[in-house]
Structures are given as C-alpha cells and as structure tokens.
Undergrad: 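Below are the structure tokens for one structure; questions will follow.
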Protein chains: 2
Amino acid sequence: MSAAATTRRDIPDASVARLPGYLRALTALARNDIASVSSEELATAAGVSSTMLRKDLSHLGSYGVRGVGYDVERLASEITTALGLTQDWPVAIVGMGNLGRALAAYRGFAERGFRVIALLDGDPRVVGDRVAGDVVRPMRDLPDLVVDHGLAIGVIATPSAGAQEACDDLVEAGVRSVLNFAPAVLSVPDGVVVRTVDLSTELQILAFHGQRVAAPEVVA
Amino acid sequence: MSAAATTRRDIPDASVARLPGYLRALTALARNDIASVSSEELATAAGVSSTMLRKDLSHLGSYGVRGVGYDVERLASEITTALGLTQDWPVAIVGMGNLGRALAAYRGFAERGFRVIALLDGDPRVVGDRVAGDVVRPMRDLPDLVVDHGLAIGVIATPSAGAQEACDDLVEAGVRSVLNFAPAVLSVPDGVVVRTVDLSTELQILAFHGQRVAAPEVVA
DNA sequence: GTGACTTTGTGCAGGGGTTCACAAGAACGT
DNA sequence: ACGTTCTTGTGAACCCCTGCACAAAGTCAC
C-alpha cells in the first residue's frame with residue numbers, strides 16, 4: 001500500500017492553485033441541486049477558460065463524460081480528495097493583534113475542514129485574554145498542540161518584526177505548512193511550505209495598474 | 001509630454017509582483033543607514049535569486065553601478081516611481097464585518113501611501129457606527145468620494161454573497177482597482193483590475209502540500 | 001596607467017503553463 | 001443501426017518566465 005491509495009503527484013502548482021476555485025463553484029452548484037455541469041459552465045463560474053479547466057481536471061483523472069459533462073457531486077469529491085480535504089486540518093493562529101483577532105472570529109474556516117484549535121501570542125500580557133471565546137495561549141504550548149492535536153498549519157498574524165521568530169517556533173514544534181500575513185520574507189528549512197499574503201504588496205500592484213490607466217498612451 | 005514623463009510600460013506582470021518586495025527590503029536597509037547594496041544581498045533579503053533581481057531591475061532601467069552595486073535611496077526612489085507610489089492612493093473599505101473592521105484598524109496602509117478615506121457598508125443598521133474612529137457611510141456616498149477625493153482603490157471585505165454588488169457599485173462610481181477578500185469570482189468590465197485574496201484558497205493549497213509530506217513516497 | 005577583481009546587465013537556452021485544434025467517445029433522433 | 005450533435009481529453013504550438021553564462025564596465029592597488 002505504498003503508491004496505490006495515494007492521489008496523483010504530478011499536478012502542476014498553477015493547477016493546484018485553481019482547484020479550490022473549482023471546488024467552490026461546484027459546492028455552489030450542489031447547493032442549487034444542479035447534478036451535472038459542462039466544462040464551459042464551470043469554467044465561467046470559476047473565472048477561467050474551459051480549456052484550462054479541462055486540462056487541470058485531466059491531471060486528476062478522467063471524471064467527465066463526453067457529450068454530457070461532469071457529475072457535480074463526483075467531481076467535488078475527487079477534488080476534495082486531491083486537495084487532501086477529506087481529513088480535518090487543525091490550525092493555530094499566532095499573533096493576536098487586529099488581524100489575528102479578526103481571523104479568530106472568522107467563521108469561514110470550519111466550512112472547509114479547517115479547525116482553529118488554538119490562538120497564541122508571544123506577548124505575556126496578551127496570553128490569557130479571551131478572543132472569540134478562546135483563551136490566548138503562550139508559544140510554549142506549540143509542541144503539545146502538534147503532538148496531541150495533530151496541529152499541521154500555522155497562521156502568522158504577528159507584526160513583521162516577530163514573524164521570523166514565530167515561524168521558527170512553529171517549525172521547531174513540527175508544523176510544516178505556514179500561512180504568513182506579515183510583510184516579511186520567512187526562511188524555513190526544506191520540507192516546510194510558506195505562503196505569504198501581504199496587503200501592502202497587493203495594493204502596490206494595484207497602484208501600478210492604476211497609474212497605467214491614469215496615464216493612457218497609444219503605441220504610435 | 002505624451003510618452004516622455006511616463007515610466008516604462010513593458011514590465012512583465014511577474015516582475016511587477018516582486019517590486020514591492022524589493023522596495024520593502026530597500027526601506028529596511030535605508031532605516032539601518034545602509035547606502036549601497038549588491039544584487040546578491042538585496043536578492044537574499046527579498047527572497048529571490050540575484051539573477052532574477054537584476055533582470056527585474058533591468059526592466060526599470062540601469063540604475064546600478066558595475067563593480068559596486070545599487071544606491072539604496074536611488075533604487076528605492078526608482079521603484080517607487082515605477083509602481084506609481086509618488087502620489088497618494090485614496091482607498092475605501094467596503095463591508096464592516098470582522099475583516100473589514102480589522103483592515104480599518106490596520107495601521108500599515110498609510111506607511112506606503114495608501115490612505116483609507118472611507119469605510120462603507122450596504123447594511124443600514126451598520127451605517128453610522130463608529131469603526132476605528134470613523135463613521136461608517138452608506139454605499140451611495142461612493143460617487144462623491146471618487147469625484148471629491150479621488151478615490152481610486154476599493155477593498156471588498158463583504159460576505160461573498162454581497163461581493164459582486166459591492167464591486168458593481170465601486171465600478172459604477174468610477175473605481176478601477178479592486179482588492180477582493182470575498183471568496184467569489186467578480187466580473188468587471190475591461191479596464192478594471194481585480195485582485196482576489198482568499199483565505200480558504202490559501203489554506204487549501206497548503207493542505208495539498210501538507211498531505212504530500214504526510215504520505216511520503218519514493219520515485220521507484 | 002595597468003592589471004586584477006568585483007558586480008551589473010543581457011543574450012540565449014531550457015522549462016512550465018496556456019491556448020489551439022482536433023480526435024475520441026457518448027447521447028439522441030430517426 | 002446510423003448519422004448528427006455535443007462535449008471531453010489531449011497532442012502540439014506558442015509564449016512567458018527563469019536560470020546560466022559571459023561580456024561590459026566600474027573600482028582598487030600599486
């Protein structure tokens with residue numbers, strides 16, 4: 001049982017990044033009791049081209065029926081499996097500033113199998129506070145969370161100055177997936193995956209495109 | 001003065017997306033009174049390869065000195081200009097739920113020239129509330145904000161059900177750059193740029209990579 | 001002034017991802 | 001049973017991006 005029960009491994013990164021979008025669109029269809037969907041319709045709902053959708057799905061296997069389309073439930077199930085969402089993923093949020101508190105109060109996690117099992121902060125003055133009904137815990141609780149509760153994903157919502165330290169604590173405790181909201185470059189050992197989401201970066205990219213339209217210019 | 005005073009237009013998207021990172025690293029260097037930096041050092045600080053950094057910068061022009069490196073202040077200034085950050089960018093946040101309130105309280109915007117000039121919500125029961133010292137305004141105020149205050153960027157922090165409507169209101173008022181935090185695909189006319197940041201999507205991508213290491217497998 | 005050294009800027013090759021075009025396969029009407 | 005129609009799955013072309021290798025250009029020591 002080494003390579004049999006596993007999902008396919010050769011899915012391109014760009015494709016993986018789009019699968020959640022497809023899953024979301026499929027879930028919406030299922031809520032409206034729609035049983036079957038064509039690649040064209042699903043692609044429109046997910047905001048991509050139908051060719052790209054089909055190529056992405058082909059990496060998972062052939063789950064469509066030619067001339068008909070895709071079974072909504074079936075395809076949702078396949079994508080769920082491919083993404084590894086059949087199991088629950090325990091999540092811890094580090095850093096109880098404005099953003100951390102907002103994330104702690106956000107209800108959207110549980111919908112998709114992500115369970116926030118702990119809120120932490122490195123500042124002793126914050127530890128013990130109640131946030132969204134939970135008590136804020138100290139960083140030294142991390143190893144136990146990994147061992148006892150299978151903590152797998154850490155969300156960093158600290159100021160950028162403390163992000164690397166928080167990341168190091170997570171990694172040392174055994175967490176191998178990190179979602180970083182601090183505007184900082186985190187260095188981690190091989191095998192640890194970090195995704196950084198930075199508000200300022202996004203706004204600056206928008207500013208670049210904004211000035212392009214603000215100063216229109218013809219080619220010749 | 002049509003094509004002269006404008007910055008270069010042929011910067012690849014992938015390159016533009018990295019410029020904010022370079023700018024952040026340069027700002028940190030300037031804070032430490034470092035006047036000059038090599039591509040190798042700056043690349044490390046920004047988490048990219050030195051070759052890629054130099055290629056990215058070459059799209060802006062030749063602002064380095066061979067054998068020496070880059071002048072920190074000068075390069076920061078050039079990137080600032082290229083991104084269009086010499087001017088202030090008025091921002092409005094739509095949707096005063098948990099995330100919207102956290103964004104409103106976030107202090108990181110002003111640091112980089114983004115000024116939050118209004119908080120809005122479509123729900124009359126929320127309009128008039130005080131959030132982070134500002135009064136929440138109704139959506140119908142949008143056109144005036146664009147005309148009177150040059151509102152250019154809209155941040156959508158509504159539930160996904162209301163995201164498209166909020167987006168339509170923004171676009172109709174004249175906003176052409178949108179940062180969307182709702183898990184939804186927004187359709188907009190040509191000339192409007194939307195960037196979507198979705199927590200669930202990010203977590204699901206991490207889950208995919210997490211299961212890869214959870215079920216290790218050798219090639220042969 | 002000259003040679004050794006350092007670092008930038010870039011032509012070129014390689015790879016990954018997207019799009020195109022079309023073959024393969026399934027349902028349906030007659 | 002057969003042709004028409006529809007839709008998926010995929011080989012191939014194309015394009016953008018990244019990494020390599022190296023020439024160009026500057027500094028420094030003497």
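Letters go in sequence order (proteins before strands), and every chain restarts at 1.
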Undergrad: Output a table of nitrogen or oxygen pairs between the protein and nucleotides 21-30 of chain D separated by less than 3.5 Å.
TA:
from	atom 1	to	atom 2	distance (Å)
D:dA24	N3	B:R66	NH1	2.7

Undergrad: Using a cutoff of under 3.5 Å, can you pull out all pairs of nitrogen or oxygen atoms linking the protein to nucleotides 1-4 of chain C, with atom names and distances?
TA:
none

Undergrad: Within this structure, what is the CG-OH distance for the pair B:D56 and B:Y22, rounded to the nearest 0.5 Å?
TA: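 Here the rounded value is 3.5 Å.
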Undergrad: Without swapping roles, check the side chain of A:S77 against the backbone of A:E73 for a donor-acceptor pair under 3.5 Å.
TA: no
Undergrad: Rounding to an integer number of Å, can you tell me how far A:H59 NE2 sits from D:dT8 P?
TA: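 Roughly 17 Å, once rounded to whole Å.
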Undergrad: Check whether any side-chain N or O of B:E165 sits under 3.5 Å from a backbone N or O of B:G162 as a donor-acceptor pair, and report yes or no.
TA: no
Undergrad: Are OP1 or OP2 of D:dG19 and a side-chain N or O of B:S49 less than 4.0 angstrom apart?
TA: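 Answer yes for this pair, as a side-chain N or O of B:S49 is under 4.0 Å from OP1 or OP2.
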Undergrad: So, does B:R195 use its side chain to make a donor-acceptor pair with the main chain of B:L179 at under 3.5 Å?
TA: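 Checking the backbone N and O of B:L179 against the side chain of B:R195, no donor-acceptor pair under 3.5 Å is found.
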Undergrad: Taking all non-hydrogen atoms of both residues into account, name the closest pair between B:S36 and B:V68 and its distance.
TA: OG-CG1, 4.1 Å
Undergrad: Is B:S39 close enough to C:dT8 that one of its side-chain N or O atoms is under 4.0 Å from OP1 or OP2 there?
TA: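 Yes, because at least one side-chain N or O of B:S39 sits under 4.0 Å from OP1 or OP2 of C:dT8.
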Undergrad: Between B:T201 and B:T196, does a side chain to side chain contact (heavy atoms under 4.5 Å, CB included) hold up when you go through it step by step?
TA: CA-CA 10 Å; B:T201 297; B:T196 295; over 6 Å; no
Undergrad: Show the nearest heavy-atom pair for residues B:T81 and B:T86, with the distance to one decimal.
TA: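 Smallest heavy-atom distance, with atoms named: OG1-CG2, 3.9 Å.
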Undergrad: Can you give me the closest heavy-atom contact between B:H209 and A:V193, atom names plus distance?
TA: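 Closest approach of B:H209 to A:V193, heavy atoms only: CB-CG2, 3.9 Å.
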Undergrad: Rounded to the nearest angstrom, tell me the gap between atom OH in B:Y63 and atom P in C:dG9.
TA: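 One finds 11 Å between P of C:dG9 and OH of B:Y63, rounded.
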Undergrad: Whether A:Y70 contacts C:dA26 is assessed here as follows: a side-chain N or O lying under 4.0 Å from the phosphate OP1 or OP2. Is that the case?
TA: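 No, no such contact exists.
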Undergrad: First locate atom CG of B:L85, then atom CD of A:Q204, and finally report the distance between them rounded to the nearest 0.5 Å.
TA: 5.0 Å
Undergrad: Taking all atoms of both residues into account, what is the closest heavy-atom pair of A:G154 and A:V175, and its distance?
TA: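 Scanning both residues, the minimum pair turns out to be N-CG1, 3.6 Å.
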Undergrad: Rounded to the Å, how far apart are B:E40 CD and C:dT8 P?
TA: 9 Å
Undergrad: Rounding to a whole Å, what distance do you find between A:L75:CG and D:dT7:C1'?
TA: 15 Å
Undergrad: Counting the atoms with a prime plus P, OP1 and OP2 as sugar-phosphate, which does A:S50 contact under 4.0 Å by heavy atoms, base, sugar-phosphate, or nothing?
TA: nothing
Undergrad: Provide, to the nearest angstrom, the distance between the NZ atom belonging to A:K55 and the P atom belonging to C:dT19.
TA: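 Result: 11 Å.
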Undergrad: Under a 4.0 Å heavy-atom cut-off, which of residues 13-33 of chain B touch DNA chain C?
TA: none
Undergrad: Can you give me the closest heavy-atom contact between A:Y70 and A:S39, atom names plus distance?
TA: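 In terms of heavy atoms, the two residues are closest at CE1-CB, 3.9 Å.
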Undergrad: Identify the two heavy atoms, one from A:Q211 and one from B:L83, that lie closest to each other, and give their separation to 0.1 Å.
TA: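 Closest heavy-atom pair between A:Q211 and B:L83: NE2-C, 3.8 Å.
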Undergrad: Where the side chain of B:M52 is concerned, which of C:dT19, D:dG19, C:dT8 is the nearest nucleotide?
TA: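 Of all the options, the side chain of B:M52 is nearest to D:dG19.
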Undergrad: How close or far is atom C1' of D:dT18 from atom CD1 of B:I11, stated in whole angstroms?
TA: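 Going from CD1 in B:I11 over to C1' in D:dT18 covers 18 Å.
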Undergrad: Could you state the CG-C1' distance from A:L53 to C:dG17, rounded to the nearest angstrom?
TA: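 Checked: the CG to C1' distance equals 15 Å.
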Undergrad: Quick one: B:E41 CD to C:dT8 C1', roughly how many Å, whole number?
TA: 14 Å
